[in-house]
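To start, the structure under review is shown below, and the notes come after it.
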Number of protein chains: 2
Amino acid sequence: MPRAEDLVLVSVDDHIVEPPTLFDNHLPDKWKDYAPKFVRKDDGTDVWVYEGQEIPNIGLNAVAGRPPEEYNIEPTSLDEIRRGCWDVDERVQDMNRNGVLGSMNFPSFVQFAGQLFSRSKDLDMGLNMLRAYNDWHIDEWCGTHPDRLIPLSIPPIWDPQLMADEVRRVSKKGCHAVTFSESPSKLGWPSIFGDHWDPFFAACQDEGMVICLHIGSSSTILAVEEGAPIDIMITLTPLNTMQAATDLVWSPVLRKFPQLQFALSEGGTGWLPYWLERIDYVFEQHKYWTGQDFGDKLPSEVAREHFTFCFISDRVGVDERYKIGLDAITWECDYPHSDSTWPNSPEMLVKQFDGVPDDEVNKMSHLNAMRIFQFDPFSVRPKEKCTVGALRAEVMD
Amino acid sequence: MPRAEDLVLVSVDDHIVEPPTLFDNHLPDKWKDYAPKFVRKDDGTDVWVYEGQEIPNIGLNAVAGRPPEEYNIEPTSLDEIRRGCWDVDERVQDMNRNGVLGSMNFPSFVQFAGQLFSRSKDLDMGLNMLRAYNDWHIDEWCGTHPDRLIPLSIPPIWDPQLMADEVRRVSKKGCHAVTFSESPSKLGWPSIFGDHWDPFFAACQDEGMVICLHIGSSSTILAVEEGAPIDIMITLTPLNTMQAATDLVWSPVLRKFPQLQFALSEGGTGWLPYWLERIDYVFEQHKYWTGQDFGDKLPSEVAREHFTFCFISDRVGVDERYKIGLDAITWECDYPHSDSTWPNSPEMLVKQFDGVPDDEVNKMSHLNAMRIFQFDPFSVRPKEKCTVGALRAEVMD
């Protein structure tokens, strides 16, 4: 078993609860009045207000540090959640407490694919807000700690040409990842089976921008029967990822954009050996009448060329890493959500990595994530200061 | 690699296209007029007519023996499908051609859980028809070849007490399996989260009756986006099984009926190592607030006690057989559907079983199925006449 303190950890999926100051430094004064505002209401709850609409779920599922008995009580104000959820310096301290070197952070109140801004009454102004959001995220949130945080942008999902423009703009600022939806048609946009999204996909391919499809980004959860325990929904969330990956493999997208890269965020890994075998079986058994054609490749090979996977805790995925593709597996912490292993991720991970050679552990724990998202903390921070042990030693408590 | 001709194969999932003579010998004359009738229409298509309703899909997906290029052309009459689909003597010949010793057959035009009869205008008469169906299936279809066919009954799903009565009735006739729905609430009946089905479950537990949940038995397929290739739907069908198993594990059913057995028919096996790990992770991570309690067990242990799994072609499931549970894995042929490996099942299976010890192959290929469904062909037929090689030698072509 590897030693927990020797691990180097880069997490490809954590979450921000956006801070009240988000729009302060990234909009000209004349537009600030139009920006979403953080408001504490008389009842003590915190909300964002945008164009007259209240968005109440500021603390949605931000339960890190709580006793597990209280995971079901939604926090409703910043006072009820860890400061690390929304304060970047405290976030880095919480990463240190968990020995995590690097982290990529998904948005909360603007939704996974930035849908909030697509509902702007004035979409031109919405685009200004979205760019300000990305600038804040890249320059302020990540820019304060470039050796610790991996930038992730959101797309103006209402216009594929604007999406392409924004991809090119943030790419110049050093951001190499963008969110998108598992299933845009479930959000009311065209599906991936036509050519609607081609300008966006083309820009991502050109810029080496990884498209991150987070579970829940279709704003759809699998239908759960009346009276059914909540555990069912929690168990089945990775199925949305399996569906998104299946859609992409059989769609023209991967064949039209052979360099395009997708990250299946919070999708798990243990189902992949089965799924990769299943898509090849479906292909070999049915291609004669469905007309699918991958040239001289199998669909599983195409999938491996285009997808990056990640896991929180998934021994089957580690055991079957050669079938999945050792270079495509990354790890995630999911701070501050209730599925997270924070602050005991290293201790849980060494059990997952029991019996795995060091070079393979390193790929899954950090090297793959660094390569895929062009994240190079070692150029700033000496490698010996990047281990779980070294980072934990930097915090007092 | 085991030799194909040495395998002994018992398939737990194949399909009947019901023959025109179904109701001829199992109803008193006075009721025969009310029975579904097999009618050849002027346009050459065959339909069943029940209470004025036409049920046209007589040949639905019965494509065994066709060139794969034509799998998408639905046969519409008996003339267009193999005689083995509906003629039991020819069925046994087709089993011989594929070296298959035993087979359990699911219904077609009455639907997986016998829903057709639940729509009867007169449910008392519907019950007569359903009993006649079961008598035909047990006494005539299976009874003609008791060493080759495993009986499977359908339930009067509209009344749990009648279901219990029918379970006890067919049990006396030597039938140890009954169909049910993956998700009865999707068929318009109460869900499994209340106590509606308890009389049925109790009878099944008492009688050692295995409840078979076939994919598609919720009459629901996962939503596929407009313009999406059909391959997506084919790839994702096993997800319905994962959902059904998840519902059962977190429901009170398995804890209320500790001996109850379910077969997840056509559900595949390769996803199980992931799923078993996932339900334990969800339990350990969330039990404090969801309140789930399995006594001194983990949910994966409870699942292993109650479920039987099966695969058509699934190397991952074979590789991970210890994690799944070697005694819970069975094999299926899926004759005459388009996912079937007929008539090359033995040749495909030996590749799946490459490197697996003989005693473990025997469990997955036939011993588990024989134990679970109380099927004992060796008492009728000498074991050396049960192998692929021996059975294939009995057919001329």
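Naming: A, B, ... by sequence-line order, numbering from 1 per chain.
Considering only heavy atoms from C-beta on, P229(B) comes within 4.5 Å of Q292(A) through its side chain. Contact annotation: the side chain of L272(B) never approaches that of W271(A) to less than 4.5 Å [non-hydrogen atoms, C-beta and beyond]. Taking 4.5 Å as the limit, every side-chain heavy atom of W275(A) sits out of range of all side-chain heavy atoms of V316(B).
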task = Please assess D314(A) against Y281(B) for the test side chain to side chain contact (heavy atoms under 4.5 Å, CB included), listing each intermediate value before the final yes or no.
result = CA-CA 9 Å; D314(A) 201 337; Y281(B) 186 79; over 6 Å; no
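In terms of heavy-atom pairs under 4.5 Å with chain B, the best-connected choice from P238(A), P299(A), G194(A) is P238(A). Contact count versus chain A (heavy atoms, under 4.5 Å) is highest, among S340(B), G317(B), G268(B), G291(B), for S340(B). In terms of heavy-atom pairs under 4.5 angstrom with chain A, the leader among F283(B), W250(B), Y288(B) is W250(B). Annotation: maximal heavy-atom pairing with chain A below 4.5 Å, among T341(B), T290(B), D339(B), occurs at D339(B).
Nearest heavy atom pair, residue S338(B) against residue H286(A), reads OG-CE1, 3.2 Å.
Few gaps surround NZ on K256(B); more than 12 heavy atoms of other groups in view lie less than 6.0 Å from it. No more than 12 heavy atoms of other residues, nucleotides or ligands sit less than 6.0 Å from atom NZ of K351(A).
With hydrogens and angles disregarded, no donor-acceptor distance shorter than 3.5 Å links the side chain of Q243(B) to the backbone of L236(A). Between the side chain of Y274(A) and the main chain of Y274(B), no donor-acceptor pair closer than 3.5 Å is present.
For Q285(A), the parts lying near chain B are the backbone and the side chain together; criterion is any non-hydrogen pair under 4.5 Å. The part of I230(A) that comes within reach of chain B is its side chain, from C-beta onward, which places non-hydrogen atoms under 4.5 angstrom from that chain. Residue K323(A) touches chain B through its side chain alone, counting heavy-atom pairs closer than 4.5 Å. Proximity to chain B (any heavy atom under 4.5 Å) is restricted, for D319(A), to the side chain, taken from C-beta onward. Only the side chain of I312(A) comes within less than 4.5 Å of a heavy atom in chain B; its backbone stays farther off.
Classification of D231(B) and R278(A) as a salt-bridged pair fails, no side-chain N sitting under 4.0 Å from a carboxylate O.
The structure places CD of Q352(A) at 6.0 Å from CD of E277(B), a figure rounded to the nearest 0.5 Å. To the nearest 0.5 Å, atoms CG (N240(A)) and CG (L239(B)) are separated by 10.0 Å.
S251(B) meets the side-chain hydrogen bond (donor to acceptor under 3.5 Å, both in side chains) test with no other residue; sequence neighbours excluded.
Screening I279(B), V249(B), D247(B) for a side chain to side chain contact (heavy atoms under 4.5 Å, CB included) with T235(A), the sole residue that qualifies is I279(B).
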